[in-house]
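Remember, it's 1-based here, ligands and their atoms both numbered in the order they're listed.
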Amino acid sequence: MLVVAGIGLVVNIIGMMILRKDSEGSLNMKGAYFEVLSDMLTSIGVMVAGVIMLTTGWYYADPIISAVIGLLIFPRTWRLLKEAVNVLLEGTPKDVDIHQLRQSLEKIPGVESVHDLHVWSLTSSVNAMSAHIVKDKQTGQNHLLKTLTDVTKENFKISHTTFQIEEEGYEEQEVHL
Ligand SMILES: [Zn+2]
């Protein structure tokens, strides 16, 4: 039991070193890192339980240590689950301030107002947005689109954007559900 757990521990440490630097980004990498981390804790727990059982003959060590590891892992599992649910429900990503985004868009020269602004997560590291932009008569549409796309990409890290450019008065005919 001790030998198998020892080999497992070495493999897990190698796995963690490989995954560590990527574990900040995507939910998949976070999940993989977490899987290896909980395996490593389990290996350590099995070894500690093995030593206790070998030296004292106290056989409750194994189930008690397993339960403690379960409790240690639970908060991280919960966070991972919350992030996954947010992606599935296309919730507003926690790293995007939608009020600040609106203000930045409204400050762009040629933009008169912004409505129907939505931001959601495509994956845990890719955000998407859509918005209706009311522009003034003088500003060219292509030029404005370029500025809007640049601002959202550079300042808010949103790479998938859909803008509906309108001129004043169009909004009155729109149906808002
Ligand atoms: Zn509109």
Side-chain angles (χ1 to χ4, degrees), residues 12-42 69-177:
N12 281 317
I13 289 172
I14 296 168
M16 275 183 68
M17 289 194 302
I18 296 168
L19 290 171
R20 196 182 173 92
K21 62 176 187 304
D22 297 319
S23 70
E24 297 302 312
S26 87
L27 204 54
N28 292 334
M29 290 309 288
K30 239 182 248 177
Y33 179 70
F34 183 58
E35 180 82 37
V36 175
L37 182 78
S38 50
D39 272 359
M40 192 190 75
L41 283 175
T42 309
I69 290 167
L71 289 174
L72 283 175
I73 289 168
F74 183 73
R76 296 194 58 159
T77 316
W78 182 247
R79 277 204 297 276
L80 210 61
L81 185 70
K82 263 175 35 187
E83 261 189 74
V85 167
N86 199 39
V87 171
L88 289 174
L89 296 179
E90 299 195 330
T92 304
K94 62 179 190 301
D95 52 333
V96 175
D97 183 337
I98 200 155
H99 298 288
Q100 228 181 317
L101 174 62
R102 177 184 289 274
Q103 281 179 353
S104 301
L105 295 178
E106 282 173 343
K107 262 191 273 173
I108 295 171
V111 174
E112 291 193 332
S113 64
V114 176
H115 58 275
D116 281 355
L117 173 62
H118 304 288
V119 183
W120 65 97
S121 316
L122 285 178
T123 73
S124 61
S125 51
V126 179
N127 297 328
M129 68 156 287
S130 68
H132 292 197
I133 308 290
V134 181
K135 74 166 189 69
D136 60 21
K137 294 244 187 314
Q138 303 88 279
T139 310
Q141 175 155 326
N142 285 355
H143 175 75
L144 183 60
L145 259 178
K146 175 90 173 72
T147 318
L148 288 163
T149 317
D150 287 350
V151 165
T152 44
K153 194 170 195 169
E154 276 155 35
N155 301 353
F156 296 91
K157 308 273 176 281
I158 300 170
S159 47
H160 294 256
T161 49
T162 309
F163 292 107
Q164 172 166 316
I165 309 281
E166 303 167 8
E167 282 184 358
E168 211 180 325
Y170 182 78
E171 197 192 347
E172 284 137 43
Q173 328 166 31
E174 283 182 314
V175 180
H176 295 274
L177 295 173

- For the Zn ion (ligand 1): the N/O/S atom of His132 at shortest distance: ND1

- Item | Within-4.5 Å side-chain heavy-atom neighbours: Tyr33 and Arg76 | yes

- What N, O or S atom of His115 is found closest to the Zn ion (ligand 1)? NE2

- Query: Less than 4.5 Å apart, any side-chain heavy atom of Tyr170 and any of Gln164?
  - Reply: yes

- Item | Metal site the Zn ion (ligand 1): N/O/S of Glu174 inside 2.8 Å | yes

- Flag the pair Leu101 / Ile158 as yes when at least one side-chain heavy-atom distance between them is below 4.5 Å, and no otherwise. yes

- Query: Can you find a heavy atom in the side chain of Met129 that is under 4.5 Å from one in the side chain of Leu117?
  - Reply: yes

- Item | Atom of Glu166 nearest the Zn ion (ligand 1) (restricted to N/O/S, atom name only) | OE2

